[in-house]
Amino acid sequence: MSEISKAYEPQSVEDKWYQFWLDGKFFVANEHSAKPAYSIVIPPPNVTGVLTLGHVLNNTIQDILCRKARMEGKEVLWLPGTDHAGIATQVQVERALKKEGKIKHRDDLGREKFLEEVWKWKNEKGGIIIQQLKKLGASCDWTRERFTMDPEYSRCVQRVFVDLYKKGLIYRGKRMVNWCPASLTALSDEEVVMKEQKSFLYYFKVEVAEIPGTFLTIATTRPETIPGDTAVAVNPKDPRYAHLIGKHVVRPLPAELPREQKLIPIIGDEHVDFEFGTGVLKVTPAHDKADFEIGLWHKLAAIEVIAANGQMNDAAGADLRGLDRFKARKVAVEKLTELGALEKEEPYTNNVGFSERADVPIEPRLSEQWFLKYPGVEASKSCVAHEGYKSAVNLSQKTVRIVSATGKEISGKSIHDLRKAALAYARKHRIIGVSFKNEDSGIEIRVGRQSLSHAFSHLGVANILAVAVLPELIRSAVWISSEPHEPHNPMVKLVHRFIAALSLAGELHSVLITAKEFYDGTVLYDHRTKKITFGGKSLEAHLPKEKLDTQPAPNACINVNNLLSSVNVGKMQFHPQRWAKVYDHWMGGLQDWCVSRQLWWGHRIPVWTKHFANEKEYWGEPESLQDELSDFLQMLNDSVPSHHGFPCVKFLWDQQLEKGLQEYRPDKDGDGFTIFIGIEPSFSAAHDYPLVEKIEKAGFTQDPDVLDTWFSSWLWPFATMGWPEQTDTLKKFYPTTDLVTGPDIIFFWVARMIMAGYEYMDELPFQNVYFTGIIRDKQGRKMSKSLGNSPDPLDLIAKFGADALRFGVMRAAPLGQDILFDEQNVELGRNFCNKLWNACRFRQMVGSADLPIQGEIDPKFLTSDDKWILLKLDTAIREVTIALNEYKFSDATATLYRFFWSEYCDWYVEASKAVLGSARVPRADSGVSPESSEASGATPDAATGMVALPENFSARKANTLAVIDFVLSHTIRLFHPFLPFITEELWHGMGYSTDMPDNQGGKTIMFAPWPKPLNDDFKVHYSLAASHLKTVDLKDECKLDEQIERDMFGRQKLVIEIRNIRSQNGIASNKKLKLVYHGSADINPHEKEILKLLVGADCIEHKFDYHPAKGEPVVYPSFGGKIFIPREGLIDVAAEKTRLTKELEKIESEISKVEQKLANPNFAQKVPANVLEEHKQRLVEWQNKLAHTKAALDAMRG
RNA sequence: GCGCGGUUAGCUCAGUGGUAGAGCAUUUGCUUCACACGCAAGGGGUCGCAGGUUCAAACCCUGCACCGCGCACCA
């Protein structure tokens, strides 16, 4: 830092240091290191994406965590990479090609050519976001960068696909799927977003065929699907229509069909809500999920009337054929009107599913797809910790350790022991819990892995209805299980019975049940209000009143929570924890995942198929096929290294699609069947492999579909580390430590990674998940390209610097809240960097060449300011460390800001100028008046009138510099995770790196030790504490740090008061004051110098006897005496009077507040002693002030 | 419908029962020898509403209102 510019210029240092870090290989993780591991896998951004503020937030957090971990001596792996983002990328490239005029549709190029274009695009744009992350300072191990379509990664994806098939979890099925007519692909449920739509509800009538002249009126939002209706459904309990079941109606469309072809049955189905519309439902099995179910049940035909592209097909009839589905809706309404069938239409608001990507309404469509039943579900369900227990539950090896929320630890030899303890506890306290075993609903409350009945049977307790559970245990030992797909009505009934049972038992008084199967509805009995609520509503809504009347008098409280099925319980922490509930809810209602996509860009499904028209055709084939395959098998075994661990070939076959669905196959092709051959990794990716060639020669073709992008993303934590081999990287860094991501992909990604982790690594993929907020603009709107409200982070970096951007975003990002982004945040970050820069610049300027950097601090010369700032540093280190451990990044930045700016710069540095800035500094330890030059031991220079340097001056100055260096070298390290660039620059520039060992900060601040709170030895040595805390008797000895704090606080109050008087009296800031101190002994000379400096006085004259002018302002220092502030010329008596009167009012109001409290007899009686004392003390202080202020006012009158 | 957040200064937000806080914005005064990307001093709040518990409530309990989000949905 030889050339120090006045302002920090980030542009001139950032690139330099990033290159320095890369050159030094400081980001590279060593899997053979002996250091403890810390790892994060990056949520891979879309390969063709550009950096957004969301990425900035996300990756800054990860970088902070990684950099702190490095400084703590951990071996850090931050594994970066990108995602191929199937649909997004394909759409993007397609659009670009169209724009370039290369194609009108992707079919123009064909699959192979189109994919070439995508790869080209990827190779051109793929690096952009990576470069941008580097600009931000991200300390990723770039040598390990991965892409989800890297050959090795693809092999993992294929391997998993085949493996899951073999486990029976992947199947092919003809199902209702969410079809996107724009991208022409199926979507998973998660890719569909519901949007409210204003539309119309159309009422049209149909004639009952068997009873001419009788009409049914049907309400629908989708008249265009009428040609696809194959039934009309009514509720069999509906008296209006029940008698019509079994008869038929005439479907109005397509109008041109003969009447007999339009007869559809009237069926009875419980699903029909007779409150809604007219109570008559049209059933369109081919275009509605619910109707499909009804169709299955009643064996109805399905007529597809909407084609894949969203246009009506031939079956829709002459009027609608070829029309877009929305145009068709209008036309259908016109047609109904024309036929006289339309009765009315009314405005109606309903929710319609939209394709998240293409933003068009999805079409439920019958289609043959690959589905996955999720693996690893059981372990995944319970692994996320909930509020209430601290996660230290370990049921393995039959030993149990549970730490309750209260910190109380319960230990037992086994779950069994705990149950016994629970029972004993319950007997003693006569507390009752309840277990249900309900065969009908399959609902059971269990303890541990066993049902309660089983668990307690050996104790002779039969038909357990009531079982006691230790309150601390309940949260972790009881859960209610049921089939996730069961309708939850029986559960609710059960809860009612539960409450009734408790009520009758007359023992249990407050119950809180939380079970995911109840959608976390709660049952709560409040003993104060004597009210029970369930799911937020009063119990009256659920239970007959007479049951409530039996409620006993309350005196106990029990919590019952769902939980614990395995050793994984609570091992993973979500931050903030509330997302655990969202996760649980989703896990509780898992639906099979449609994993195939009708796209080109992605992992092509490694399955080859051939359809056989009949058995003969089939039997003609297999021998040769078998022979060929066994040849290849042999060949592959020879050529593939055995440790690879992949079985080479596996038949996948499926003689029939799901039987029940046959009727819905659009291509009724007789009794044919299909053989599927799944090919495992290493081969499917490369088509020139002979195996594939042979298979294809035999007439098999590869499934044209690709896998959902998330089907590759969910393997990210281990597929990036060399899985399926047990690599050293995996051994060292899996499970990863933290995952940082947005809550919007909790289902898409987080939950699925957890399941994959358990399935393939037998272990959770990460220990902590931090969910960031969503970045919004100042008005709270989501950032979006169309709104143009998303600033380019690179522009911000160019304007303010990467550190400023990081700091600004972190400061504005409280845990778990959305962030309203404003450029002012970044400006604040920039200002802060500048402050840091200048504070260091100040240190450079006051130092001199002959003084060492980071000299030893000599306790002998330590002033109270020095001690104070060291204690504040200690506090800051503690606060920042705690905040980071709790993922409270905005708290950490707030602490750093406060400490550095308000405490260090505003007070400490300013005061230190008394020592550093002027030569006329007397000895602090002399204890004599500096105004008397004889006493100070220095003689005035005859020529200048200046006092010569006391002998020990340079030692004192050096000591102050040493304290400054101590504080700065710690502060810079505390800042490093947040502000990597400027801190590296300062670390070297200030010379703090020179004393450090190479691997601990000598080369780079990245490995400098993370500051630790000052220890007792340090504090005692420097008189920051009276003695080691454990030995000190607090009663006798006033704690030193408290004394230091008090003194400093007193001085700050005094300084502020004098400054205030200056300001209120209109004394210009640049005008030096001449103060008078009136007291029995003069102020400590060192203190006096500082006071002069801080309030802008050129002298404080000590007088034993002083008669102030009328209205002369006066302040009362905490160390006694009075300080007068004389004004040359006229005193503005009125202004001073106003000031004092105002102050008086405030004092009086405070006094009355405290007095009122103290006057309350209950207060003195019930309040804790220390609080009482505090209040009394406060009263005394205010009363003192009152006296002073009154005196001052009096003086003004007199 | 169910659930989850939120409601504190003009704005963005801290604040887990004991004297209402920060940053920004704003007003005033300062080219004070680190920093005008700065220094100093001020002004500004019945803590969404209503009850309850408590000696004491922004904080705990109950209800309500409004804002945001998620899930599930009836055509």
Side-chain angles (χ1 to χ4, degrees), chain A residues 4 6-8 194 201 218-222 225 233 271-273 275-278 280-284 288 290-291 348 350-351 519-521 524 526 528-529 531 533 535-536 538 576 578-579 581-582 585-586 589 743-744 746 774 776 778 780 800 804 811-812 814 816-822 824-825 827-828 830-846 890-891 894 897-898 902 905-906 909-910 913 917 1056 1059-1064 1066-1072 1093 1095-1096 1150 1153-1154 1157 1160-1168 1170-1172 1174-1175 1178 1182:
Chain A
I4 318 166
K6 201 169 175 181
Y8 171 57
M194 302 305 275
L201 195 56
I218 303 172
T220 181
T221 53
R222 301 202 64 188
T225 62
H271 284 91
V272 181
D273 175 2
E275 305 272 313
F276 187 88
T278 58
V280 186
L281 171 69
K282 73 193 238 343
V283 183
T284 325
D288 184 282
D291 290 2
Y348 184 67
N350 63 342
N351 286 322
Y519 296 93
D520 293 316
L524 187 76
D526 187 315
R528 293 206 191 98
T529 58
K531 271 187 186 165
T533 56
S538 81
R578 65 188 151 86
W579 293 108
K581 218 170 172 179
V582 177
H585 184 203
W586 190 75
D744 47 337
I746 188 167
I774 292 167
R776 298 167 181 283
K778 254 196 284 190
F800 300 108
R811 213 180 122 78
Q817 299 246 7
D818 286 357
I819 296 119
L820 300 195
F821 181 82
D822 187 339
Q824 277 187 343
N825 292 324
E827 207 174 321
L828 176 106
R830 190 263 320 256
N831 295 353
F832 188 79
C833 289
N834 193 56
K835 188 75 177 178
L836 181 62
W837 180 260
N838 273 291
C840 289
R841 190 163 152 252
F842 172 76
R843 161 66 184 87
Q844 293 293 71
M845 290 168 85
V846 294
S890 60
D891 286 13
Y897 193 99
R898 183 208 66 220
S902 310
C905 288
D906 289 350
V909 171
E910 289 310 314
K913 289 176 181 172
I1056 288 168
R1059 284 168 173 175
N1060 186 358
I1061 288 169
R1062 278 186 79 121
S1063 173
Q1064 300 287 313
I1067 305 170
S1069 309
N1070 53 352
K1071 170 110 180 95
K1072 291 285 179 209
L1093 199 73
V1095 304
E1150 289 300 330
K1153 260 197 242 173
V1154 183
K1157 273 194 178 179
N1160 185 339
N1162 278 325
F1163 183 77
Q1165 243 168 42
K1166 298 189 179 175
V1167 88
N1170 61 326
V1171 177
L1172 184 64
E1174 241 174 63
H1175 278 78
R1178 202 187 306 158
W1182 283 116

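Convention: sequence-line order gives letters A, B, ...; per-chain numbering from 1.
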For nucleotides [N] and [M], find the distance between their [atom1] atoms and express it as a whole number of Å.
{"N": "B:U19", "M": "B:A56", "atom1": "P", "value": "15 Å"}
{"N": "B:G21", "M": "B:C47", "atom1": "C1'", "value": "12 Å"}
{"N": "B:A50", "M": "B:A58", "atom1": "C1'", "value": "16 Å"}
{"N": "B:G48", "M": "B:C66", "atom1": "C1'", "value": "8 Å"}
{"N": "B:G17", "M": "B:C13", "atom1": "C1'", "value": "22 Å"}
{"N": "B:U32", "M": "B:C37", "atom1": "P", "value": "14 Å"}
{"N": "B:G6", "M": "B:G42", "atom1": "C1'", "value": "32 Å"}
{"N": "B:U16", "M": "B:C61", "atom1": "C1'", "value": "15 Å"}

Could you state the interatomic distance from [atom1] ([X]) to [atom2] ([Y]), rounded to the nearest 0.5 Å?
{"X": "A:Arg222", "Y": "A:Asp288", "atom1": "CZ", "atom2": "CG", "value": "8.0 Å"}
{"X": "A:Tyr8", "Y": "A:Asn831", "atom1": "OH", "atom2": "CG", "value": "13.5 Å"}
{"X": "A:Met845", "Y": "A:Arg841", "atom1": "CE", "atom2": "CZ", "value": "5.0 Å"}

Expressed in angstrom and rounded to an integer, what is the separation of [X] atom [atom1] from [N] atom [atom2]?
{"X": "A:Met194", "N": "B:G70", "atom1": "CE", "atom2": "C1'", "result": "13 Å"}
{"X": "A:Asp891", "N": "B:G21", "atom1": "CG", "atom2": "P", "result": "18 Å"}
{"X": "A:Gln824", "N": "B:C37", "atom1": "CD", "atom2": "C1'", "result": "13 Å"}
{"X": "A:Arg898", "N": "B:A14", "atom1": "CZ", "atom2": "C1'", "result": "12 Å"}
{"X": "A:Asp744", "N": "B:G68", "atom1": "CG", "atom2": "P", "result": "19 Å"}
{"X": "A:Asn838", "N": "B:C35", "atom1": "CG", "atom2": "C1'", "result": "4 Å"}
{"X": "A:Trp1182", "N": "B:U19", "atom1": "CH2", "atom2": "P", "result": "12 Å"}
{"X": "A:Tyr8", "N": "B:C35", "atom1": "OH", "atom2": "P", "result": "18 Å"}

Could you tell me the Watson-Crick or G-U partner of [N], where both distances fall under 3.5 Å? Say none if there is no partner.
{"N": "B:G21", "answer": "B:C13"}
{"N": "B:G5", "answer": "B:C67"}
{"N": "B:U53", "answer": "none"}
{"N": "B:A34", "answer": "none"}
{"N": "B:G29", "answer": "B:C39"}

Under 4.0 Å between a side-chain N/O of [X] and OP1 or OP2 of [N], yes or no?
{"X": "A:Lys913", "N": "B:A34", "answer": "yes"}
{"X": "A:Lys1166", "N": "B:G17", "answer": "no"}
{"X": "A:Lys1157", "N": "B:A56", "answer": "no"}

Practice prompt. Mind telling me whether A:Phe1163 and A:His1175 have parallel, tilted or perpendicular rings, with 30° and 60° as the class edges?
Written response: perpendicular
At 4.0 Å (heavy atoms only), tell me whether [X] reaches a base, stays on the sugar-phosphate, or touches nothing.
{"X": "A:Leu281", "answer": "base"}
{"X": "A:Arg811", "answer": "sugar-phosphate"}
{"X": "A:Phe821", "answer": "nothing"}
{"X": "A:Val909", "answer": "base"}
{"X": "A:Pro1161", "answer": "nothing"}
{"X": "A:Ala839", "answer": "base"}
{"X": "A:Asp273", "answer": "base"}
{"X": "A:Tyr897", "answer": "sugar-phosphate"}

Practice prompt. Identify, with sequence neighbours excluded, every residue that meets side-chain hydrogen bond (donor to acceptor under 3.5 Å, both in side chains) alongside A:Asn1160.
Written response: none
Discussion item. Test of understanding: with side-chain hydrogen bond (donor to acceptor under 3.5 Å, both in side chains), list the residues that count as partners of A:Arg1059, not counting sequence neighbours.
Written reply: none
Item to complete: Could you say whether A:Pro1168 or A:Asp288 is positioned toward the 5' end of RNA chain B, judged by the nucleotide with the nearest heavy atom to each?
Response: A:Pro1168
Worksheet item: When you match A:Ala290 and A:Phe842 each to their closest nucleotide on RNA chain B, which lands nearer the 5' end?
Response: A:Phe842
Discussion item. I'd like to know whether A:Lys1153 forms a side-chain contact (heavy atoms from CB on, under 4.5 Å) with A:Glu1150, so could you lay out the CA-CA distance, the side-chain angles of the two residues, the decisive distance to 0.1 Å, and finally the verdict.
Written reply: CA-CA 5 Å; A:Lys1153 260 197 242 173; A:Glu1150 289 300 330; 3.7 Å; yes
Item to complete: Using the test ring-ring contact (aromatic ring centres under 6.0 Å, His included), find all partners of A:Trp586 that sit at least two apart in sequence or belong to another chain.
Response: A:Tyr374, A:Phe747
Worksheet item: Does A:Asn838 use its side chain to pair, donor to acceptor, with the backbone of A:Asn834 at less than 3.5 Å?
Response: yes
Discussion item. Given 3.5 Å as the limit, does a donor-acceptor pair link the side chain of A:Arg811 with the main chain of A:Asn825, or not?
Written reply: no
Worksheet item: Quick one: which of B:C55, B:A34, B:G5 gets closest to the side chain of A:Arg578?
Response: B:G5
Discussion item. Using the side-chain heavy atoms of A:Lys581, tell me which of these nucleotides is nearest: B:C24, B:C74, B:C4.
Written reply: B:C4
Worksheet item: Could you write nucleotides 38-45 of chain B as a row of B, S and -, 5' to 3', where a protein heavy atom under 4.0 Å of any base atom gives B, of only sugar-phosphate atoms gives S, and otherwise -?
Response: SSSSSS--
Worksheet item: Could you go step by step and tell me if A:Arg1062 and A:Lys1071 meet the side-chain contact (heavy atoms from CB on, under 4.5 Å) rule?
Response: CA-CA 9 Å; A:Arg1062 278 186 79 121; A:Lys1071 170 110 180 95; 4.2 Å; yes
Response to the item:
By side chain to side chain contact (heavy atoms under 4.5 Å, CB included), A:Leu201 pairs with (sequence neighbours left out) A:Tyr203, A:Ala219, A:Thr221, A:Phe276, A:Glu346, A:Tyr348
Discussion item. Can you say whether a donor on the side chain of A:Arg830 sits under 3.5 Å from an acceptor on the base of B:C37, or the other way round?
Written reply: yes
What nitrogen or oxygen pairs link the protein and nucleotides 10-13 of chain B at under 3.5 Å?
none

Worksheet entry | Lys NZ or Arg CZ of A:Lys913 over A:Phe842 ring: under 6.0 Å, within 45° | yes
